[in-house]
Each structure stands twice: as structure tokens, then as C-alpha cells.
Amino acid sequence: MNNDSENEEAKENAVPLARRDFLTRTGAIIGTAAIGAAFSPLARAIETTVALPADQLLSIPTWTKNLGGPTAKPYGLPSKFETGAVRQMYPGLKEPMSAYSTSPLQELDGIITPNGLFYERHHAGVPDIDPAQHRLVVHGLTETSLLFTVDEIRQFPSVSRIHFIECSGNPSFLPPWGKTAAEVSGLVSCAEWTGVSLRTLLEEAGLKPEAKWVIAEGADGAAMTRSIPIEKCLDDVLVVYSQNGERLRPEQGYPLRLLVPGYEGNMNIKWLRRLHVTADPAYTREETAKYTDLMADGRSRKFSFVMECKSLITAPSGTHKLSRKGRHEMRGIAWSGHGKITRVDVSVDGGRNWYEAKLQEPVLNKALTAFRAPFDWHGEEMVLLSRAIDETGYVQPSHKQLTEVRGKLSFYHNNATQPWRINTDGEVTNGRA
Ligand SMILES: Nc1nc2c(c(=O)[nH]1)N[C@H]1C(S)=C(S)[C@@H](COP(=O)(O)O)O[C@H]1N2
Ligand SMILES: [Mo]
């Protein structure tokens, strides 16, 4: 980062330059109007980015001279040019027994993850479930046992809410750290979920006074099973059947999944087939041998359900390149399993100085929140950082602060801040060496 006087100069330059730009632009638009294309959105879009010579500006591309393709495709797909916006398989695990794919965060904008780009984590592949044959059982410490078809679940009063899901191994504490935002932190995604409140189903079954836990079980080959405290089940847990308006994708748990807002991804049981109400947790493999935080003294934390507050700059981020000097914008996402994000701070000098980013509405409970902040880059080396603060007042820690508390044996629940380094050529790399 350069010294302050150069920074001041950068700031001073930014506004007059923009104004000068505006004057040139106005001139060019008047010129264009003379030949009757004043309101062509295409011409204007080109013009605001680079000052092209008039003949190039007005040349008509082939796609304007010809008819376009046919209208109705049974299911729409992104432009064939968007080859970067794809999920990435992690090569380290064995398909289909245990595998994951990351969401391409460095390519995405806003807070909603498109269904085809939602991250995936499967412990025994993706089952091909016929919804007509699928059943959900609610039993155990209840007045009655209930058996539902998917169609019957859809007949209950519905709820739609936007929430993130994040794997607690996102990212693990172990190197290698990854090049892109997806490689660093791509096991988080966010969608609008529609389903029935778990409370509704539990009230229908009638809870006995000893009911303290619900054991949720999946219908996949892993029969993934997790224990969830009854307070949480009666609070905001959903049994969902839709994701961003359409039925759940097979990868996300079609036809039914549990959504446990803010709790670690693993508890959001996919292909949900059973809810067993009990007095105690089941202490399954996934809540003892796995998904448990080992502390420095060798003892384990008993359950770490809530995903702590976190943020990530997604643009610019690893493998991106700044191709022009001047005013830039950093953009990113922040989230907390404890509730709403209240503030995101950003830094261009590796955390020595911080300033506040702007939060993009809507700022929702246990959902991704988008943020943005301007910065000036004039070819110097910089380290970008963001840190999020949630409504409990918790501040996202640095990697150093986190390991001071957790020691070096931890694997899950790494919510440390993520640095991105911009070199003098504008190339962006992972700043965690
Ligand atoms: N039945 C079942 N549910 C499951 C899993 C699984 O393998 N089987 N994986 C869990 C894990 S570890 C995570 S992080 C989330 C991932 O959800 P997603 O694939 O929809 O992103 O699902 C959880 N629910
Ligand atoms: Mo996970």
C-alpha cells in the first residue's frame, strides 16, 4: 500500500476524471443522435466503458442483422459463453461414495445461488428418489406416529424463507488454501426455501413432555442421521420441498430435506425420511467421530451447531485481474448462523486500517448479505480483507485470533478472515501464504 499523500492524490483524481468522462460521453451521444440511434442501449453500453472510434461504435454486429434462435427450450440454460460459472468437483474424495462440489462464488452476484450452482456434499452419492414412493415418518415421543406422502406434506400451510447453508468444513483448517473464492470457501450457498414448518408437523403428532431431541434420518445410502435440539425444531426448522421456486434438485435432497437455519450444513438432512423424537441425542457418527471440533488439549467440543459469522470478498478474488487503474469496487458476501449481519469492514492494507462497506438490502436473518466498498488501485501491491459483525456483536476473527482460541488440531468451523493480494500487474492471488 502506498503512503498517504499518494492515496490523497488517488482520491482527488477519481471524481474529476469521472466528470471529464461524462462530458466526453455527452458529446458522443449527441453525435449519435444525429444519425437517429440516440437511444440504442447497445451503443450506450459500449460507450460508457471505452471511447471507441465512431465507425466501430456504430458498426452493426452479425447478431443484429439476423434472426435469433427459437424460443421454447424445455428448460433454460445460461449463455454458452459463461464457461466459468460452473461447480468444481473436489478430486480428493472418492465418487460417488463421498464427494463434494463447490459453488463458483467468484462468478456470482447477489445473495441467491442459482439451483444448478448450489454447492453439493454427498456421503453416498445422489439417490434417484421417486416422490410417489417416498414417505416421511414422524414417531417416538409423540402422541401419535405419522406417515406422510410428499403430496400430503405439500398440503400443510407453507413457509418461504431465504437462508444460507454452509458445510462446517468450509474451509478446513488444513492447507492447501486454494486459489479461487470457490476453492477457499465454496461450500456455502443461499436459496429461497419453501416447505412446512417442522413445528407444524410436531404439533400434529403431539409432543410428549420428555421430548427433547429430534433425530433426522436421510434415505440415501449413507442414511445420514443427526440429532437436533427440540427448541431449535420448534423455532425455525423447515421440511422443504422447493428451492428458488422450483422443486428441490436431486443433489439438494429431492423430494424432501430438512432446513436447519444457521446450523452446520451436515444437520440439514437431505432425502429426509424419518424424524424420531427422543429424550436424548443419538450420538451418531456424524456428531461424534465427524463434525466435532478437537481442541488444543485433545478434548472435543460437544456439538458446535451454529455456523459463526463470516465474510468473503468474491470480487476481486483469486485468479481475477484488474485491467485498469483508478476507482474499483470490492464486492462480497457475509453471513452468520446467529442472525443478521450488522456491519462489514474492509481493508486494503492487510488489516492495518479498516473502513465500512455498504450492505446491500435485503439484510436477512441467517442469509447471505451482499456488501460492496470502493477502493482506488494505481498499480501498487495491496492486500484486501473483509470482516463481518453480526447482531450479537461478534466480530469475525483473523486466522491468528482463531487458532489462538482453537489450537492447531481443529478441522471444522473455520470462519477466519480471507486476504486477497493484488500484485503490481493487477493479478489477484490468495493472500494466505
Ligand atoms: N442424507 C444426507 N443428508 C446430508 C448429507 C448426506 O450426505 N446425506 N450431507 C450433509 C452435508 S455434510 C452437508 S454440508 C449438506 C450439503 O447440502 P447440499 O448438498 O444441498 O449443499 O447436506 C447434509 N445433508
Ligand atoms: Mo458438510
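Order of listing sets the numbers, starting from 1, for every ligand and every atom in it.
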Task: Set of residues that line ligand 1, where lining means a heavy atom lies under 4.0 Å from it - done: Phe118, Tyr119, Glu120, Arg121, His122, His123, Cys167, Gly218, Asp220, Met224, Glu251, Gln252, Arg257, Gly265, Asn266, Asn268, Ile269, Lys270, Trp271, Tyr291

Please tabulate, for side-chain N and O atoms in residues 180-191, each donor-acceptor pair with protein atoms closer than 3.5 Å (sequence neighbours left out).
| from | atom 1 | to | atom 2 | distance (Å) |
| --- | --- | --- | --- | --- |
| Thr180 | OG1 | Ala182 | N | 3.4 |
| Thr180 | OG1 | Glu183 | N | 3.0 |
| Glu183 | OE1 | Lys179 | N | 2.7 |
| Glu183 | OE2 | Gln88 | NE2 | 3.1 |
| Ser185 | OG | Asn170 | ND2 | 3.4 |
| Ser189 | OG | Tyr119 | N | 3.0 |

Open item on the list: Run the salt bridge (Lys or Arg N to Asp or Glu O under 4.0 Å) test against Asp345 and tell me which residues pass, sequence neighbours left out.
Closed with: Arg343, Arg387

Open item on the list: Quick check on Arg324: does its CZ atom have over 12 non-hydrogen neighbours (other residues, nucleotides or ligands) under 6.0 Å away?
Closed with: yes

Open item on the list: For Met97, I'd like to know if atom CE has over 12 heavy atoms of other residues, nucleotides or ligands within 6.0 Å.
Closed with: no

TODO: From the options Arg301, Arg226, Lys302, select the one residue that forms a salt bridge (Lys or Arg N to Asp or Glu O under 4.0 Å) with Glu287.
DONE: Arg226

What donor-acceptor contacts under 3.5 angstrom involve side-chain atoms of residues 121-131, with partners at least two apart or in another chain?
| from | atom 1 | to | atom 2 | distance (Å) |
| --- | --- | --- | --- | --- |
| Arg121 | NH1 | Ser98 | OG | 3.1 |
| Arg121 | NH1 | Ala99 | O | 3.2 |
| Arg121 | NH2 | Ser98 | OG | 3.3 |
| Arg121 | NH2 | His123 | NE2 | 3.3 |
| His122 | ND1 | Lys270 | NZ | 3.1 |
| His122 | NE2 | Glu120 | OE1 | 3.1 |
| His123 | NE2 | Tyr291 | OH | 3.1 |
| Asp130 | OD1 | Ala132 | N | 2.9 |
| Asp130 | OD2 | Gln133 | NE2 | 3.0 |

